[in-house]
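Just below is one structure, and these are the notes that go with it.
Predicted, not measured: the structure shown is a model, and the values here were computed from it. Counting starts at 1 for both ligands and their atoms, following the listed order. Because only heavy atoms are used, hydrogens play no part in the values below, and waters and symmetry mates are left out as well, while side chains stay in.
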Amino acid sequence: MCGIVAYLGPREAYPILIKGLHRLEYRGYDSAGVALLNGGLSVFKTKGRVSDLENFARNENLHATIGIAHTRWATHGEPNSINAHPHYSQSKKLAIIHNGIIENYAVLKKALINRGYHFQSDTDTEVLVNLIEDIQINEKVELEEAVRIALNQVTGAYAMVLLSEDDPDLLIAARKGSPMVIGIGKDEFFVASDATPLVEYTKSVIYLSEEDVAVMRRGEQIHLKNIKNQEKNPYVQALEMDINKLEKGGYEHFMLKEIFEQPSSIRDSMRGRLHAEKGIVSLGGLVDYEQKIAHAKRIIIVACGTSWHAGLVGEYLIEDLARIPVEVEYASEFRYRNPIITEEDVVIAISQSGETADTLAAIALAKEKGATILGICNVVGSSIARVTDAGSYTHAGPEIGVASTKAFTAQVTVLILLALRLAQIRATIPVSRWMELLHELNAIPEKVDKALQCHDQVKKIADEFKDVRNFLYLGRGYNFPVALEGALKLKEISYIHAEGYPAAEMKHGPIALIDKDMPVVFVAPNTGIYDKVVSNIQEVKARNGKVIAIVTEGDETVRKMADYVVEIPATEEMFVSLLATIPLQKLAYHMAILRGCNVDQPRNLAKSVTVE
Ligand code: M6R
């Protein structure tokens, strides 16, 4: 969703801002803009890509040592250059960039119109900047105070940065419900929606908390308070991010790089947590809560999209291994359906970005009801990581491709570790079996590496099916969430309609779709109720459907029936999703490439969905 970058310091601001916007492109956007202060306040903005903005501003005077920049993902008003940020205030003395939604913007706008304000755009953001200006003029207060008063009048979410022509050494930033991080350099400040634009300049960062207002003035220390006017001590943290992980490293797309990173990202998720030889599994961040989880009446997993699919795998794992009842909920449904939550429940929120608005709202609701809240997040320091009681990072490294790949396998890895630890505490499986599982888990990164060798095979399948309009993905047991995930990957990056289903449910409806033109992907490794899946494949073949099957290496039964097979190494049923998902990620990738789609930034999608 929207991306924010701002700079104040001794360097040229424009190149830093543009590079920062490029780093944030992965979040998804439809227009981009920049405001620079050099004598006067100049705003340049346009619909399209950051490169379009660069072309648009090419012949302008871009010298400045203070500026703000933005990529917009349209919410209020269509994606065009007028609605793009930054927005001027009516006097053109202030310029603002904003991420989030001001929910009461219509009421505020009406009041401002009555006071003589005119609006150029359809955005809620232009309402906010004029509200700030109106307060500053009428209440005769400093800009910082006007921002604080204005933010007390708005409902909704915001991460915003403001520039003022009258005060060219000042940046004001604030956040509520949308992420914001400030990088502290030598006599300079960087502000961004996440740490990716800052990492090459500084490792000292402050993550703003809810309702924080940060005042950054040239030559001075940062000054922090909240919108209730309480002074706060800035908590400066060391940023742990590897700049190389933000580059494509020789791959054509981030998604492909991230698919290939999985042997190491899974290893990183297990590092220091799994000691197979010594028979130790421990999740550092959860140690203090292990007993609480192990004796919870119920675990509720809340998440969205791919993270929800990982949650489903988690349900199977925890029930199977630790015998604790688990429910998996779409965060967006959970938050609005008056769920029954008690203090004896443990809620686990799963999120790659740690910023998903619906997941945050589900957490807030569960917190209100007294449940213990744990998080499984990838982005260190993200909002979800900070609002949960405890949690475990997935350590997959930055995921830039909008389609989640390595984050999914890392989430599943953490859930496997958690289920194993709970099983140990509750003594729900024999120690010898538990040790067997530990050893097999230890071998998984190598097996993922092997599963990745299906490149050419999958490419051929993609070539055969690239022009179809529909796909069905079927699996049972642990392979059902994999089928859902495979279908999601295909639809989001190749724009082919795909549905995931539990294979046995096919008879209850989807079988009507099967004919010679319908490709059906069966996630059919030789685990669990394999024989039943074989019967389902026969049902599809009997109706002339085209079968693409993901099978365990050496499988002869399915090979005879299927039109195409892709092999994965043999493993325990509980870990099979870590392998079976690999060819499906690749299938989606190749289909999208062959169809000429933008793999890393698919249309309409955002990497972190910070609005509901
Ligand atoms: O950052 P989160 O894991 O909370 O994001 C949840 C979904 O928005 C995300 O998984 C989405 O479905 C991805 N585009 C899937 O590839």
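Listed by first then second residue, pairs satisfying ring-ring contact (aromatic ring centres under 6.0 Å, His included) with a partner in residues 356-393 number zero, not counting sequence neighbours.
Ligand-side atoms of ligand 1 in range of K489: 15 (C), 16 (O), range being under 4.0 angstrom from any heavy atom. Per-residue contacts place Q352 under 4.0 angstrom from the following atoms of ligand 1 (heavy atoms of the residue considered): 1 (O), 2 (P), 3 (O), 4 (O). Near A403, meaning under 4.0 Å from any of its heavy atoms, are these atoms of ligand 1: 16 (O). Set against the non-hydrogen atoms of S351, the atoms of ligand 1 under 4.0 Å away are 1 (O), 2 (P), 3 (O), 4 (O).
With Y158 as the aromatic partner, R175 does not meet the cation-pi criteria of under 6.0 angstrom to the ring centre and within 45 degrees of the ring axis.
The protein heavy atom nearest to atom 9 (C) of ligand 1 is T306 N, 4.1 Å. In terms of protein heavy-atom proximity, atom 8 (O) of ligand 1 is nearest to V609 CG2, 3.9 Å. If you check which protein heavy atom lies closest to atom 7 (C) of ligand 1, you get C304 O, 3.7 Å. Of the protein's heavy atoms, E492 OE1, 2.8 Å lies nearest to atom 14 (N) of ligand 1. The nearest heavy-atom contact from the protein to atom 1 (O) of ligand 1 is S353 OG, 2.6 Å.
For ligand 1, the polar-atom distance check against T356 finds a nitrogen or oxygen pair separated by under 3.5 Å. Some N or O of S307 is nearer than 3.5 Å to an N or O of ligand 1, by distance alone.
Heavy atoms of E355 come nearer than 4.0 angstrom to ligand 1 in no pair at all. Distances from ligand 1 to the non-hydrogen atoms of V402 include at least one value under 4.0 Å.
By the side-chain hydrogen bond (donor to acceptor under 3.5 Å, both in side chains) test, T196 pairs with D194, sequence neighbours left out.
For E333, the CD atom counts as loosely surrounded, since its 6.0 Å shell holds 12 or fewer non-hydrogen atoms of other residues, nucleotides or ligands.
No donor-acceptor contact under 3.5 angstrom links the side chains of E25 and T71, judged on distance only. Residues S404 and E399 have side chains that bring a donor and an acceptor to within less than 3.5 angstrom of each other. Side-chain contact, E567 with Q457: no donor N or O sits under 3.5 Å from an acceptor N or O. If you check the side chains of S383 and E355, you find a donor sitting under 3.5 Å from an acceptor.
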>> side-chain hydrogen bond (donor to acceptor under 3.5 Å, both in side chains) for H253 and Y589? Distances and angles first, verdict last.
In response: CA-CA 10 Å; H253 298 97; Y589 173 81; 2.8 Å; yes
